[in-house]
Amino acid sequence: MKPNGVSAELLLRVRGERLAIDGELPSLELQDARLQAAAAEDTLSGHLRQAIHASHRPLRDIARESGIDFDALCSFLEGEQGVQSDALDRLARAAGVVITLVQDK
């Protein structure tokens with residue numbers, strides 16, 4: 001036991017976990033950048049992505065309620081994959097939003 005009350009085993013485990021986090025951080029930062037860029041699109045999909053994020057609902061719940069595979073939802077949110085038009089309605093409902101289109105004249 002170290003003088004500060006932390007065992008050598010615990011210190012070793014924490015150092016290992018820090019290294020793992022350091023290894024994962026770059027890919028998580030890239031994923032976050034993709035999520036931000038996709039949500040910032042001034043498109044129907046971009047606005048829906050914003051609404052999904054703003055709902056603060058668990059993504060697994062939104063995926064289940066909308067009948068969309070969780071991985072497909074994540075790909076949609078990152079802008080890597082689109083979803084079928086009927087899925088847009090289901091996603092909006094699951095996120096608790098209503099989509100209203102206004103024709104630009």
Side-chain angles (χ1 to χ4, degrees):
M1 184 78 57
K2 297 274 184 179
N4 61 7
V6 178
S7 70
E9 179 183 319
L10 180 57
L11 282 174
L12 187 61
R13 192 173 106 211
V14 168
R15 285 186 187 121
E17 289 175 1
R18 280 187 174 176
L19 286 173
I21 291 168
D22 288 345
E24 293 174 6
L25 190 58
S27 65
L28 291 173
E29 290 172 334
L30 287 172
Q31 181 183 28
D32 182 58
R34 287 192 307 269
L35 286 166
Q36 297 296 326
E41 292 174 2
D42 190 19
T43 61
L44 177 61
S45 293
H47 290 284
L48 180 56
R49 289 178 184 111
Q50 291 171 24
I52 290 169
H53 292 302
S55 75
H56 300 290
R57 297 204 54 227
L59 295 181
R60 290 200 183 277
D61 290 352
I62 290 174
R64 186 185 71 254
E65 289 175 24
S66 61
I68 295 172
D69 178 74
F70 177 74
D71 291 330
L73 174 59
C74 291
S75 292
F76 169 72
L77 292 174
E78 289 182 39
E80 294 180 342
Q81 167 181 321
V83 294
Q84 295 180 348
S85 58
D86 62 321
L88 294 173
D89 294 331
R90 295 192 314 268
L91 280 172
R93 261 186 256 113
V97 298
V98 175
I99 297 174
T100 303
L101 300 176
V102 178
Q103 186 171 6
D104 190 19
K105 294 182 180 184

Tell me whether L77 is reachable from L30 by hopping between hydrophobic residues (I, L, V, M, F, W, Y) whose side-chain heavy atoms are closer than 4.5 Å.
no
Expected list for residues 8-20: side-chain donor-acceptor pairs under 3.5 angstrom, two or more places apart:
| residue | atom | partner | partner atom | Å |
| --- | --- | --- | --- | --- |
| R13 | NE | E17 | OE2 | 3.4 |

N/O donor-acceptor pair under 3.5 Å between R49 side chain and F76 backbone
yes
Test side chain to side chain contact (heavy atoms under 4.5 Å, CB included) applied to L44 and L48, step by step:
CA-CA 6 Å; L44 177 61; L48 180 56; 5.6 Å; no
For I52 and L59: C-alpha separation, side-chain torsions, deciding distance, then whether side chain to side chain contact (heavy atoms under 4.5 Å, CB included) applies.
CA-CA 8 Å; I52 290 169; L59 295 181; 3.8 Å; yes
Nearest heavy-atom neighbours spanning A51 and V97
CB-CG1, 3.6 Å
For a quick test of reading the model, state the closest non-hydrogen atom pair linking E41 to Q50 and the distance between them.
O-NE2, 4.3 Å
To the nearest 0.5 Å, tell me how far Q36 CD sits from H53 NE2.
7.0 Å
For H47 and D42, run side chain to side chain contact (heavy atoms under 4.5 Å, CB included): C-alpha distance rounded to whole Å, both residues' side-chain angles, the deciding distance at 0.1 Å, then the answer.
CA-CA 7 Å; H47 290 284; D42 190 19; 2.9 Å; yes
When rounded to the nearest 0.5 angstrom, what distance separates CG in L88 from CZ in R93?
11.0 Å
How many angstroms lie between atom SG of C74 and atom CG of D69, to the nearest 0.5 angstrom?
9.0 Å
Could you measure the distance from the CD atom of Q84 to the CG atom of L91? Nearest 0.5 Å is fine.
11.5 Å
Using modelled atom types only, decide if a donor and an acceptor are shared between the side chain of R90 and the backbone of S66 within a distance under 3.5 Å.
yes
Non-hydrogen atoms of A38 and G79 that approach each other most closely
CB-N, 3.7 Å
